[in-house]
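Input: a single structure, listed below in C-alpha cells.
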Protein chains: 2
Amino acid sequence: MTIQESGTARPAGRPRSEKAEKAIIEATLDLIGEGMGVSELSIEAIASRAGVGKTTIYRRWSNKEDLVVDALATLKAPVPPLAGTSVRDDLISLLDTMRSEAGNPRSRCVINIAMSEADRYPQLMERFVKRAIEPRKAAMRDVIKRGIASGELRADLDVDMGMAILTGTMMWHTKWGPAGDLPADLAERIVDAALAGMTP
Amino acid sequence: MTIQESGTARPAGRPRSEKAEKAIIEATLDLIGEGMGVSELSIEAIASRAGVGKTTIYRRWSNKEDLVVDALATLKAPVPPLAGTSVRDDLISLLDTMRSEAGNPRSRCVINIAMSEADRYPQLMERFVKRAIEPRKAAMRDVIKRGIASGELRADLDVDMGMAILTGTMMWHTKWGPAGDLPADLAERIVDAALAGMTP
DNA sequence: CCGATACGCAACGGTCCCGTTTCGTAAACT
DNA sequence: AGTTTACGAAACGGGACCGTTGCGTATCGG
C-alpha cells in the first residue's frame with residue numbers, strides 16, 4: 001500500500017512469465033503450420049516443444065480449443081495495402097498475398113485450419129472465419145464492386161461468383177497444383193485468365 | 001482330388017466371409033465420409049461399426065493404410081458420360097457431378113481425403129490421386145482441348161489454368177460456400193461465369 | 001465324423017495422452 | 001526474512017487404441 005498505487009493492482013507473488021506464454025503460442029502455431037490437425041494436437045506435445053510444463057499451459061487455458069483460438073488470433077491481418085490504381089492490379093495483390101502465404105509456415109496455419117477442421121470445431125471456425133477470412137473477402141468484394149462501378153468489370157458480373165473463381169483457383173493451386181513452390185507470376189496469370197474468360 | 005479340379009484350388013477350412021469384408025469396407029467409408037480423417041480412424045472403431053472382430057480385419061489388412069486404399073478403390077469411377085454436343089454442356093456435366101457428390105456421403109470421402117490428408121500419407125495419396133483424381137482431370141482436359149480445336153474456346157487458352165478455374169471454383173463452393181445444399185444450377189452458373197470472364 | 005480355417009469376443013501388455021497433484025525451486029511482493 | 005504465486009519436472013489414475021493371443025463356435029473339404 002506504499003508505492004504502485006497506479007493502475008491495476010499487481011497480484012502478489014511471482015508474475016506469470018511472458019516468455020513462457022510466447023513459447024506456448026509459438027509452439028502451437030509451429031505444430032499447426034507443420035500440418036498437424038487440431039484434433040491431433042496434444043497439450044503434451046505443445047508443452048514439450050515449448051520447453052514448458054503442462055501446468056503452465058493449463059494455468060492459462062482450460063482446454064485445447066481456447067489455446068488454439070488465442071494462438072490463431074496472434075496472426076496479423078492478412079489484407080495487403082492496395083494501390084487502388086487498377087482493379088487488375090489490386091486483384092493481383094490480393095491473390096499474390098495468398099500465394100506467398102502458402103509458402104510461409106506461419107501463415108500456412110490459416111490454410112491448414114480452414115481446409116481441414118471446417119466441420120469439427122464449428123465455434124473455433126466461427127471466430128477464425130470472422131478474424132482471418134472475412135477481412136480478405138470484404139477487401140476483394142470492395143475491389144470487384146469498384147471495378148463494376150468504374151466499368152473495368154462487366155456490369156452484370158456476379159460479385160460472389162467472381163470472388164469464388166479468383167479465390168478458388170488460387171486455393172486449388174496451393175493444394176493440388178504442381179508440387180514445389182508456386183510460380184511468382186501465378187497471381188497475375190490467374191487474374192488475367194479469370195478476367196479474360198475462356199471463350200474467343 | 002475328385003471334383004473341383006477346375007481353377008484355383010480352394011484352401012481347406014472355412015472360407016473368409018464376403019459379408020464381413022463388405023461390412024468392413026462400408027464401415028471405413030462411412031467413417032471417412034462423416035469427416036473422420038485417416039489419422040483419426042481406429043481399427044477398433046471400424047470393427048465396432050462393422051460388427052466384426054478386430055481379428056477379422058487384421059487377417060486381411062496388415063495396416064490401416066492398406067485398408068483405406070482398398071476401401072477407396074471400391075468407389076466407382078467418377079467420370080459421367082458426356083453428351084459431346086457442346087463443350088459448355090460437357091463442362092457442366094463434369095462440374096455437376098462434383099456438385100452432386102458433395103452431398104453424397106459416400107462420394108464425400110473423395111473430397112475429405114483429398115482436402116485433409118494430402119501431405120500426411122503421400123503413398124496413399126499417390127494411389128488415390130491416380131485412381132480418383134486423374135480420370136476426372138483427363139476427362140476435363142479432353143473436353144477443353146476439344147473446345148479449343150472446335151473454336152468454342154479461345155485458341156490461346158491455358159488448358160491447365162482453365163481446369164484450375166473450373167475445378168477450383170466448384171471446390172471452393174463445396175467447402176466455403178453458403179451453408180446447406182449447393183444450388184442445382186451451380187455448375188451451370190460457374191461454367192457460364194468462367195467462360196464469359198469478368199471484363200466487359 | 002474330422003481336420004482345418006474363419007468367425008466374434010474378450011483379454012492381454014504396451015503406448016500415448018488426458019487432466020490433476022506433488023515437489024523443490026524461482027521470482028515478485030511486504 | 002517471510003509470504004505468495006509461478007515455474008519445470010515428475011508421477012498419478014484413467015481412458016483410448018494398438019497389435020496379439022486364446023477361447024468357444026461356425027462352416028467348409030474330405
Side-chain angles (χ1 to χ4, degrees), chain A residues 1-28 30-32 34 36-68 70 117 120-121, chain B residues 1-28 30-32 34 36-68 70-71 117 120-121 124:
Chain A
M1 217 64 69
T2 52
I3 337 177
Q4 184 66 21
E5 187 66 14
S6 67
T8 44
R10 171 107 63 123
R14 175 177 178 175
R16 292 193 180 167
S17 160
E18 287 284 340
K19 197 166 64 176
E21 195 144 336
K22 282 274 189 193
I24 293 166
I25 288 190
E26 289 293 301
T28 306
D30 279 350
L31 291 170
I32 296 176
E34 288 169 10
M36 184 157 296
V38 173
S39 49
E40 311 164 59
L41 269 184
S42 77
I43 299 287
E44 309 220 55
I46 295 171
S48 162
R49 163 87 59 132
V52 143
K54 282 193 295 178
T55 330
T56 308
I57 296 183
Y58 282 115
R59 192 176 293 116
R60 292 166 164 77
W61 296 278
S62 60
N63 60 64
K64 188 170 62 180
E65 202 160 325
D66 286 353
L67 167 56
V68 171
D70 277 9
E117 322 283 339
R120 224 149 353 179
Y121 298 87
Chain B
M1 217 66 69
T2 51
I3 334 177
Q4 184 66 19
E5 187 67 13
S6 67
T8 44
R10 172 107 62 123
R14 177 177 175 175
R16 293 193 179 167
S17 160
E18 286 285 338
K19 195 166 65 177
E21 196 143 336
K22 282 275 189 192
I24 293 166
I25 289 189
E26 290 292 302
T28 306
D30 279 351
L31 290 170
I32 296 177
E34 287 168 11
M36 183 156 297
V38 173
S39 49
E40 310 164 59
L41 269 183
S42 78
I43 298 288
E44 304 216 281
I46 294 171
S48 163
R49 162 87 60 131
V52 141
K54 283 193 293 178
T55 330
T56 308
I57 296 182
Y58 282 114
R59 194 175 291 117
R60 293 167 164 73
W61 297 278
S62 58
N63 60 64
K64 188 169 65 179
E65 202 161 322
D66 287 353
L67 167 56
V68 172
D70 277 8
E117 321 284 340
R120 223 148 355 181
Y121 298 87
L124 185 158

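Every chain is numbered from 1, with letters handed out A, B, ... down the list of sequences.
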Worksheet item: Is a side-chain donor or acceptor of A:Lys64 paired with a backbone partner of A:Leu41 at a separation under 3.5 angstrom?
Response: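 Between the backbone of A:Leu41 and the side chain of A:Lys64 there is a qualifying donor-acceptor contact (under 3.5 Å).
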
Output the rounded distance in Å from [atom1] ([X]) to [atom2] ([N]).
X	N	atom1	atom2	answer
B:Glu18	C:dA6	CD	P	14 Å
A:Arg16	C:dC29	CZ	P	17 Å
B:Ile46	D:dC18	CD1	C1'	13 Å
A:Lys19	D:dA6	NZ	P	18 Å
B:Trp61	D:dG19	CH2	P	15 Å
B:Ile57	D:dC17	CD1	P	13 Å
B:Leu67	D:dC18	CG	C1'	15 Å

Can you name the nearest heavy-atom pair linking [X] to [Y], along with the distance?
X	Y	result
A:Ile57	A:Ile24	CG1-CD1, 3.7 Å
A:Ala20	A:Thr56	CB-CG2, 4.2 Å
A:Lys54	A:Ile43	CG-CG2, 4.3 Å

Discussion item. Using a distance-only criterion (donor-acceptor N/O pair, under 3.5 Å, no hydrogens), is the base of C:dA26 paired with the side chain of A:Arg14?
Written reply: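 By the distance-only test, yes, there is a pair.
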
Worksheet item: If you find the nucleotide of DNA chain D closest to A:Glu21 and the one closest to B:Gly13, which residue's nucleotide is nearer the 5' end?
Response: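 Closer to the 5' end of DNA chain D: A:Glu21.
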
Is the closest basic N to carboxylate O distance between [X] and [Y] below 4.0 Å?
X	Y	result
B:Arg60	B:Glu21	yes
B:Arg49	B:Glu34	yes
A:Glu26	A:Lys19	no

Worksheet item: If you check the B:Ala20 side chain, which of C:dG8, D:dC28, D:dT4 turns out closest?
Response: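 Selected nucleotide: C:dG8.
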
Fill in: Base versus backbone protein contacts along nucleotides 9-18 of chain C [heavy-atom cut-off under 4.0 Å; B, S, -]
B-B-----BB

Worksheet item: Within the pair A:Arg59 and D:dG8, is there a side-chain N or O less than 4.0 Å away from OP1 or OP2?
Response: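 The answer is no; no side-chain N or O of A:Arg59 sits under 4.0 Å from OP1 or OP2.
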
Worksheet item: Between C:dG8 and B:Thr56, is there an OP1 or OP2 to side-chain N/O distance shorter than 4.0 Å?
Response: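 For C:dG8, OP1/OP2 do have a side-chain N/O of B:Thr56 under 4.0 Å.
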
